[in-house]
Amino acid sequence: MSGRPRALVLYRDILRTLQRWPSVKRDKVAAEIRDEFRTNAREPAGEKRTKMLEEAEAGLLSLRQQCGLSEGQEVSYASDLELQRAHRR
């Protein structure tokens with residue numbers, strides 16, 4: 001994945017796609033996703049970590065479907081800097 005850890009790329013993709021999710025619970029869900037990724041950030045490579053990443057990828061696919069995006073369709077995202085600023089609020 002172009003030099004970036006798979007989990008980090010997946011984490012950012014989920015948060016970016018979540019910005020398009022039409023739900024009043026979006027902020028709560030985003031906070032839960034952040035907490036779960038942070039809690040599991042130090043999980044050593046292995047079967048458990050692989051399973052967690054596969055579950056996150058399945059969740060991203062489901063989220064994209066709920067947002068009306070096809071699997072390969074890119075989303076016009078806010079820059080990473082804007083995403084970081086929104087997270088700090």
Side-chain angles (χ1 to χ4, degrees):
M1 281 207 159
S2 68
R4 292 192 184 250
R6 178 179 173 201
L8 178 59
V9 171
L10 183 57
Y11 172 75
R12 287 182 176 175
D13 283 347
I14 291 170
L15 291 181
R16 288 175 179 155
T17 304
L18 192 61
Q19 291 176 352
R20 303 252 329 242
W21 190 44
S23 176
V24 295
K25 296 181 180 182
R26 179 177 38 221
D27 293 336
K28 182 180 180 199
V29 171
E32 290 173 3
I33 290 168
R34 284 185 195 100
D35 290 344
E36 188 161 343
F37 268 85
R38 286 185 181 140
T39 299
N40 296 309
R42 304 237 187 276
E43 182 68 35
E47 196 172 307
K48 184 177 178 184
R49 182 181 179 100
T50 300
K51 183 174 177 154
M52 287 189 289
L53 291 172
E54 288 171 354
E55 289 174 3
E57 287 172 343
L60 176 59
L61 179 60
S62 175
L63 182 61
R64 284 183 172 156
Q65 291 171 343
Q66 292 176 38
C67 293
L69 303 170
S70 64
E71 187 174 339
Q73 185 177 358
E74 290 296 320
V75 181
S76 175
Y77 299 119
S79 70
D80 282 340
L81 185 57
E82 290 175 34
L83 188 61
Q84 290 171 4
R85 285 183 192 141
H87 172 67
R88 290 183 193 137
R89 291 183 209 156

Sorted by first residue and then second, give each ring-ring contact (aromatic ring centres under 6.0 Å, His included) pair with at least one member in residues 47-66; sequence neighbours left out. none

Which value, rounded to the nearest 0.5 Å, describes the distance between T17 atom OG1 and Q65 atom CD? 12.0 Å

Sorted by chain and number, sequence neighbours left out, salt bridge (charged side-chain N to carboxylate O under 4.0 Å, His left out) with K25 holds for none

Note: L53 and L10 closest approach over all heavy atoms is O-CD2, 3.6 Å

Do I33 and M52 land in one hydrophobic cluster if side-chain heavy atoms of ILVMFWY residues count as linked below 4.5 Å? no

Option passing side-chain contact (heavy atoms from CB on, under 4.5 Å) with R49 (candidates R42, E54, E43): E43

Side chains of S62 and Q66: donor-acceptor distance under 3.5 Å anywhere? yes

Close side-chain approach of N40 and K48, heavy atoms under 4.5 Å: no

With sequence neighbours excluded, tell me which residues meet salt bridge (charged side-chain N to carboxylate O under 4.0 Å, His left out) with E47. none

Grab the two heavy atoms, one from R26 and one from L18, that are nearest each other, plus how far apart they are. CD-O, 2.8 Å

Counting only heavy atoms not in E36, do more than 12 fall under 6.0 Å of its CD? no

Heavy-atom side-chain proximity of S23 to V29 below 4.5 angstrom: no

Rounded to the nearest 0.5 Å, what separation is found between the CD1 atom of I14 and the CG atom of L61? 11.0 Å

Between F37 and A7, which heavy-atom pair has the shortest distance, and what is it? CE2-O, 3.6 Å

